[in-house]
Protein chains: 2
Amino acid sequence: MSILTVMSISSQPLRVAVVDRDSGFVAVLSRRLERAGWQHRVLGSAVPLEDLVALRLNAVVVDPALLGAEAREWLARVSAELPELGVVVCTGPSTVAQRVHGLRLGADDWVTKPCHPEEVLARVEAVVRRRRRAGARAEAGPVVAGELEIRPELFQAFVGGVSVDLTRREYELLHLLCAAPGQVLEREEIYQRVWGYAMAHGDRSVDVFVRKLRRKLEARSPDWKYIHTHFGIGYRFEPEPVREGVPTDAPASAGDTAPAGETVPAG
Amino acid sequence: MSILTVMSISSQPLRVAVVDRDSGFVAVLSRRLERAGWQHRVLGSAVPLEDLVALRLNAVVVDPALLGAEAREWLARVSAELPELGVVVCTGPSTVAQRVHGLRLGADDWVTKPCHPEEVLARVEAVVRRRRRAGARAEAGPVVAGELEIRPELFQAFVGGVSVDLTRREYELLHLLCAAPGQVLEREEIYQRVWGYAMAHGDRSVDVFVRKLRRKLEARSPDWKYIHTHFGIGYRFEPEPVREGVPTDAPASAGDTAPAGETVPAG
DNA sequence: CCGGGCGGTGAACGGCTTGTGAAAGACCTG
DNA sequence: CAGGTCTTTCACAAGCCGTTCACCGCCCGG
């Protein structure tokens, strides 16, 4: 219980529609939603998809009994046409509901009444969280930086087309650096954005992970340097790596005059 | 109510023939079809294909018991000559072998009696929808990944042409993984899409079924690794499996450059 | 030239995640 | 209702990863 409360507090308010006629259920759930600070609207019957769009909802809690025989179709359309909208089916103990569920209609989750409002909230949150993450990953286009390629939709990084095995932190750190090529990122900011909270004084995690990344990347393309150190500040990612050791003669002279740290790519 | 309007627009009435002699079943289903506004016709025995064409049907619900010895041929011909026509086989208790056999001959789906008329309707709708956009989408098309092949129309998987005995959950999990080769899928997403609802905290079902799949697959092709673990994230399926233990020397240099991590499948 | 601070690096510890076998429970079948 | 299969849950083992620490080298300011 207390856990659920904490969770709903920590998450930002959501916009939810409840499509149900069970007055008792609606009343309890409604109160709970209000207490969580979520904006919600109770609907006595299903509405056209267009109206759902107009409500700018994050999720909808619906009893398919109100949808009749078209429940399946409705849910399928919502799922297909409103990818941002989470759908939690909330049914009575009927067996038909279970069959419908078995037929995989397109809802994200289901709850059987009677149930705790807490549970509904928790499931709605889980569904929305998942939808958001999936959407974000699908939206975030691939990042290409020289031989290096990051594909968020695959959750993977590639060097020269070959996938690099990265842990979660490694991947997120590399993604962050790659997304801002040529830009110097302060340690504090890196930590904040990868770890999600403020860096404690004396924490060396960022350094250690930069080390790990360097090792894994340079194992693939030796004598290329992707991550540069800025003393007293942080790190910088270079998409067009500068060859170390042997300075590539031709570019070297031209390169020294102007571009050294510059982002200006092959162009 | 408004939803009904939406629904009737989206799922237009279908034309269905029911080939069955089970009077109880036919009566119930008939009434339900009428209520859904579908035009339907009950046939006491199988009819020549030409007549089916004349009826301009969207789908046919048929008990193969009525087809007698010609059941196989009939189904095969329907499948071959009437690609627009969905076929839902509705039988009494049958073995998996019989079902698979029927599906192999061209049926799109099957239901076992006794069953809820809702279920029949739902399956017919699904089948018609699938047929309508067939060909273009690989929705129900076979998935081929290296030696592994998945044929949704048979509900079966094959390794090197030999079928693998999989349970429902195993099959669906493998299908999901295969459909996204090279992609890292998070546990929550896997659970959501295979189980159909949100994963509860601490649920280990995905792990257990990955274990089962690994065991069955690797029993067929030892020292090949299909399913890779991404610590703290989820799993990834590799269509072009990497041989474990001994790094294949010759292919290693050539192979590393291109094929390994590539996601781009055949089509 | 020297010293202090900062970053590089390797290793080790602890916690958390996953692998794995088995038992309990749900479901279907006969 | 009995028997089997499939699914879920549980407990323990194994392994990985993230963090921290210590030491050393390097950069920068004096």
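Every chain is numbered from 1 and lettered A, B, ... according to where its sequence line falls, protein lines coming before strand lines.
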Partners passing salt bridge (Lys or Arg N to Asp or Glu O under 4.0 Å) against B/Arg220 (at least two apart in sequence or in another chain): none
Residues in salt bridge (Lys or Arg N to Asp or Glu O under 4.0 Å) contact with A/Glu189, at least two apart in sequence or another chain: A/Arg193
Could you list the residues that satisfy side-chain hydrogen bond (donor to acceptor under 3.5 Å, both in side chains) with [X], not counting sequence neighbours?
{"X": "A/Tyr235", "result": "A/Arg187, A/Asp207"}
{"X": "A/Asp165", "result": "none"}
{"X": "A/Asp63", "result": "A/Lys113"}
{"X": "A/His175", "result": "none"}

Whichever of A/Tyr191 and B/Glu170 has its nearest DNA chain D nucleotide further upstream toward 5': B/Glu170
5' precedence on DNA chain D between B/Leu166 and B/Asp203 (nearest-nucleotide basis): B/Leu166
Partner set under ring-ring contact (aromatic ring centres under 6.0 Å, His included) for A/Phe231, not counting sequence neighbours: none
Expected output: side-chain A/Arg214 to main-chain A/Ile227 donor-acceptor under 3.5 Å: yes
Residues which pass side chain to side chain contact (heavy atoms under 4.5 Å, CB included) with B/Val28, listed by chain and number, not counting sequence neighbours: B/Arg31, B/Pro117
Side chain to side chain contact (heavy atoms under 4.5 Å, CB included) involving A/Glu149 - partner list, sequence neighbours excluded: A/Val144, A/Arg151, A/Phe158
Whole-Å distance separating the CZ atom of B/Arg236 from the C1' atom of C/dT18: 16 Å
Length of the CG-C1' vector between B/Leu185 and C/dT18, whole Å: 17 Å
Inter-axis angle, terminal five-pair segments of the helix from C/dC1-D/dG30 to C/dG30-D/dC1 [nearest 10°]: 40°
Protein-to-nucleotide contact annotation, 5' to 3' order, nucleotides 6-13 of chain C [B base; S sugar-phosphate only; - none; under 4.0 Å, heavy atom]: SBBBS---
Chain B contact limits on DNA chain D, taken 5' to 3' with a cut-off of 4.0 angstrom to heavy atoms: D/dC6 to D/dC17
